[in-house]
Amino acid sequence: MTEDRGDHDVIVIGAGFAGLYQLIRLRDAGYDVRVLEAGGDVGGTWYWNRYPGARCDIESIEYSYSFDRALEQEWNWSERYASQPEILDYIRHVADRHDLRRDITFGTRVEAMRWDDVSERWTVRTHDGRSRTARFVIAATGCLSVPSRPDVEGLEDFGGELYWTSHWPHDGVDLEGKRVAVVGTGSSGLQTITAIAPVVGSLTVFQRTPSYAVPAHNGPIGRRLEDVKPGYPAFRDESRFSRLGFHCREGETGYFAETAAGDVRRELDDRWSDGGLCFTQSFRDVLFDVDANEALAEYVRERIREKVHDPETAEKLTPRSYPIGAKRMCVDTGYFEVYNRDNVSLVDLGEEPISRLTERGIVAGDVEHEFDVIIMATGFDAMTGALTAMDVRGTDGTLAEKWAAGPRTYLGLMAAGFPNLFMITGPQSPSVLSNMMTSIEYHVDWVTRALEYLRARGEHRMEPDVEAEDNWVNTTNDVGDLTLMPRAASWYMGANIPGKRRVFMPFVGGVGTYKQIGDGVAVAGYHGFETA
């Protein structure tokens, strides 16, 4: 490992997919880079999230790096949707392949950053009391990295085992034959529930809001990977200019276009049979037209009723309170069928809200449910949480103060008042509405080129204009408001965090459109940024 002297050209926060690629690009460009990582090894999201059933909802052939052409050809994925252990093996392989750990300091959590306008450097303070300085800081902190920990009365009183999907023990948990509760039915909850149902003695699911979920039809990757490998470069280019950042046949007609009802049904059946997140791309108006959205939603509800034998349980599992696609879609591997098991039961928190935890279990409604194990699958303070959790002080106050009424960025890359602080897949970029790997690589490449631009001009400071930032915030809000997405109380809106202002945080205009805008800004001499 190289010496961590404490003064660097660039400090990168986070050693997940984004941080590792940023390290590679900047090290190759001749910068002195130090990566600070809270975990004990590389992996980011995939280092921390080891709960049963954890896997990606983007196909493996696309949820992978594209910058290393030899790696693309050599690495062989085993499944259509890779599981957490396989993804972590892949990330570790990349770290070994490029000798990255020598420039990473593990077990080091960043607590505060302060900008000095005189020296024009950031001072970064970590949990161990140490300070390091850098001309530039790049936050590769991830969109889903700060867990949401609901303030539930009696949380400390429970006498059994209490786990969080976001911080699962690395040596695993023995659940065999035990009475288990899972609180939460987002992606993490669905995956956990599906994986543990056959193992536990009994499983009680506490559901606040039912999820729309489409089947993954996961399995061995077969010839799919070998078919893609010869044309991987062109395959990746197509993804970069697509709307979602991965291959997805996008519907060219509206749901109620001059199309026979049988053709509509056939299209939906085909999408359902294919599986995956492309289902909501069946028709171009699903996220814009209320009636089209409701028609698609009803198709999914029908499928849920087909899968779940008990009509009352099926109804509880059926989403009706928000548009389909307005919350993160889930990709399941037999989730709904779990409720046909004799050892699985469902508690609807809309009818029987949790009032407290006790030594024996959970009180919901007027009933105390007794458990050996409680698993909290309660999600994350998404998109902004990792940045506002740190005390980041710029030229005019803290980032948390600036974002109190919602994030304000230019391109999701920088914020006015915080010079030389870059964000990889930050709020108001496509990020969580896309294949994160496509968005990560674009942002890392963009930031690297920006730093090289400054170096070539003998400059060392970059910051967005307030006017450019205001325009981008308005653009993000206006484009979001054209869709049905703000109509859901989703983590896209920050609705899962008490007291967080409800603002639609991602840029919904699409990866291809965003790339054109970002490239145009760069070609125009980083229009909207002040450099010096």
Problem set entry | Check: T409 side chain, P427 main-chain N or O, donor-acceptor pair, under 3.5 Å | yes
What donor-acceptor contacts under 3.5 angstrom involve side-chain atoms of residues 499-509, with partners at least two apart or in another chain?
from: K500; atom 1: NZ; to: D381; atom 2: OD1; distance (Å): 2.6
from: K500; atom 1: NZ; to: A382; atom 2: O; distance (Å): 3.1
from: K500; atom 1: NZ; to: T384; atom 2: OG1; distance (Å): 2.8

For this session: Quick one: pull up CZ in R109 and NE2 in H127 and give me the separation to the nearest 0.5 Å.
Result: 8.5 Å
Exercise. Would you say the side chains of S211 and R328 form a donor-acceptor pair under 3.5 Å?
Worked result: no
Exercise. For T192, does its backbone N or O pair with a side-chain atom of T194 as donor and acceptor, under 3.5 Å?
Worked result: no
Problem set entry | Pair R301-E306, salt bridge (Lys or Arg N to Asp or Glu O under 4.0 Å): steps then yes or no | CA-CA 9 Å; R301 295 177 193 134; E306 290 175 356; over 6 Å; no
Exercise. Closest heavy-atom contact between G245 and V511?
Worked result: N-CG2, 3.8 Å
Seminar exercise, completed: In this structure, CZ of F235 is separated from OG of S66 (nearest 0.5 Å) by 11.0 Å
For this session: Applying disulfide bond (SG atoms under 2.5 Å apart), name anything that partners C330, two or more places apart in sequence or on another chain.
Result: none
For this session: Give, for atom NE2 of H443 and atom OG of S429, the distance between the pair rounded to the nearest 0.5 Å.
Result: 4.5 Å
Problem set entry | Rounded distance (nearest 0.5 Å) linking atom OG1 of T280 with atom CG of N293 | 9.5 Å
For this session: Please say whether the positively charged group of K327, taken as NZ for Lys or CZ for Arg, lies over the ring of Y322, i.e. under 6.0 angstrom from the six-membered ring centre and within 45 degrees of the axis.
Result: yes
For this session: Using atom types as modelled and distance alone, determine if a side-chain donor or acceptor of E111 lies under 3.5 Å from a backbone N or O of M390.
Result: no
Problem set entry | Any donor-acceptor pair under 3.5 Å from K178 side chain to D174 backbone | yes
Problem set entry | Heavy-atom donor-acceptor pair, Y410 side chain to D470 backbone, under 3.5 Å | no
Problem set entry | salt_bridge(D372, R179) N-O dist < 4.0 Å | yes
Exercise. Is the closest basic N to carboxylate O distance between E302 and R265 below 4.0 Å?
Worked result: yes
Exercise. For residues R50 and H170, is any side-chain donor paired with an opposing acceptor at under 3.5 Å?
Worked result: yes
Problem set entry | Test salt bridge (Lys or Arg N to Asp or Glu O under 4.0 Å) applied to R266 and D263, step by step | CA-CA 5 Å; R266 190 175 305 110; D263 292 338; 2.7 Å; yes
Exercise. Got more than 12 heavy atoms from elsewhere within 6.0 Å of CG, D366?
Worked result: no
Problem set entry | Main-chain N/O of A216 paired to R80 side chain as donor or acceptor, under 3.5 Å | yes
Exercise. Should E368 and R356 be marked as a salt bridge (Lys or Arg N to Asp or Glu O under 4.0 Å) after you check the CA-CA gap, both sets of side-chain angles, and the distance that decides it?
Worked result: CA-CA 9 Å; E368 182 179 24; R356 66 187 184 280; over 6 Å; no
For this session: Apply ring-ring contact (aromatic ring centres under 6.0 Å, His included) to Y163 and Y51, showing your working.
Result: CA-CA 9 Å; Y163 302 104; Y51 58 84; over 10 Å; no
Problem set entry | Taking every non-hydrogen atom, the tightest pair across V373 and L175 | CG1-CD2, 3.9 Å
For this session: Compare every heavy atom of S434 with every heavy atom of S439, then report the nearest pair and how far apart it is.
Result: OG-OG, 2.6 Å
For this session: Decide whether a cation-pi geometry holds between R284 and F288; the criteria are a distance under 6.0 Å from NZ or CZ to the six-membered ring centre and an angle within 45° of the ring axis.
Result: no
For this session: Give a yes or no answer on whether the side chain of D289 reaches the backbone of A292 with a donor-acceptor pair at less than 3.5 Å.
Result: yes
For this session: Keeping the roles fixed (side chain from E62, backbone from H247), state whether a donor-acceptor pair exists under 3.5 Å.
Result: yes
For this session: Taking N496 for its side chain and F380 for its backbone only, find out whether a donor-acceptor pair lies under 3.5 Å.
Result: yes
Exercise. At what distance, to the nearest 0.5 angstrom, does OH of Y339 lie from OG of S345?
Worked result: 9.0 Å
For this session: Could you tell me how the ring of H369 sits relative to the ring of F206: parallel (under 30°), tilted (30 to 60°) or perpendicular (over 60°)?
Result: perpendicular
Problem set entry | side chain to side chain contact (heavy atoms under 4.5 Å, CB included) partner of F279, chosen from V300, D274, V331, V286 | V300
Exercise. Does one side chain, of Q281 or R243, offer a donor that lies under 3.5 Å from an acceptor on the other?
Worked result: yes
Problem set entry | Enclosure of R223 CZ (heavy-atom neighbours >12, cutoff 6.0 Å) | no
For this session: Mind checking the CG-OG1 spacing from D285 to T253? Nearest 0.5 Å is all I need.
Result: 8.0 Å
For this session: Can you spot which of D270, V264, L268 makes a side chain to side chain contact (heavy atoms under 4.5 Å, CB included) with S282?
Result: L268
Problem set entry | Derivation of the side-chain contact (heavy atoms from CB on, under 4.5 Å) call for V432 and M383 | CA-CA 8 Å; V432 294; M383 304 197 69; 3.8 Å; yes
Problem set entry | Intermediate values then yes/no, side-chain contact (heavy atoms from CB on, under 4.5 Å), L244 and L433 | CA-CA 7 Å; L244 299 178; L433 298 181; 5.7 Å; no
For this session: Give a yes or no on whether R240 atom CZ has more than 12 heavy-atom contacts from other residues, nucleotides or ligands under 6.0 Å away.
Result: yes
Problem set entry | Polar side-chain atom of D157 near backbone of E359 as donor-acceptor pair, under 3.5 Å | no
Exercise. Hey, is E267 close enough to R249 for a salt bridge, meaning N to O under 4.0 Å?
Worked result: yes
Seminar exercise, completed: In short, E352 meets L349 closest at the heavy-atom pair O-CD2, 3.3 Å
Exercise. Should the pair F17 and Y65 be assigned to parallel (<30°), tilted (30 to 60°) or perpendicular (>60°) ring geometry?
Worked result: perpendicular
Exercise. When you look at V205 and V183, which way does the side-chain contact (heavy atoms from CB on, under 4.5 Å) test go after all the steps?
Worked result: CA-CA 6 Å; V205 177; V183 180; over 6 Å; no
Problem set entry | Test applied, side chain to side chain contact (heavy atoms under 4.5 Å, CB included); reference residue, Y63; option that passes from N435, D57, T438 | N435
For this session: Could I get the full list of ring-ring contact (aromatic ring centres under 6.0 Å, His included) partners for W75, not counting sequence neighbours?
Result: W77, Y90, H93
Exercise. What are the two closest non-hydrogen atoms of L190 and A213, and how far apart are they?
Worked result: CD2-CB, 3.9 Å
Exercise. Do the side chains of D478 and L482 get nearer than 4.5 Å, heavy atoms only?
Worked result: no
Problem set entry | CA sep, side-chain torsions, deciding dist, call: V363, I354, side-chain contact (heavy atoms from CB on, under 4.5 Å) | CA-CA 6 Å; V363 177; I354 293 175; over 6 Å; no
Problem set entry | Working for salt bridge (Lys or Arg N to Asp or Glu O under 4.0 Å), residues R305 and E298 | CA-CA 10 Å; R305 290 191 291 267; E298 185 54 36; 2.7 Å; yes
Seminar exercise, completed: For A488 and A326, the nearest pair of non-hydrogen atoms, with its separation, is CB-CB, 3.6 Å
Problem set entry | Within 45° cone and under 6.0 Å: R149 NZ/CZ vs W164 ring | yes
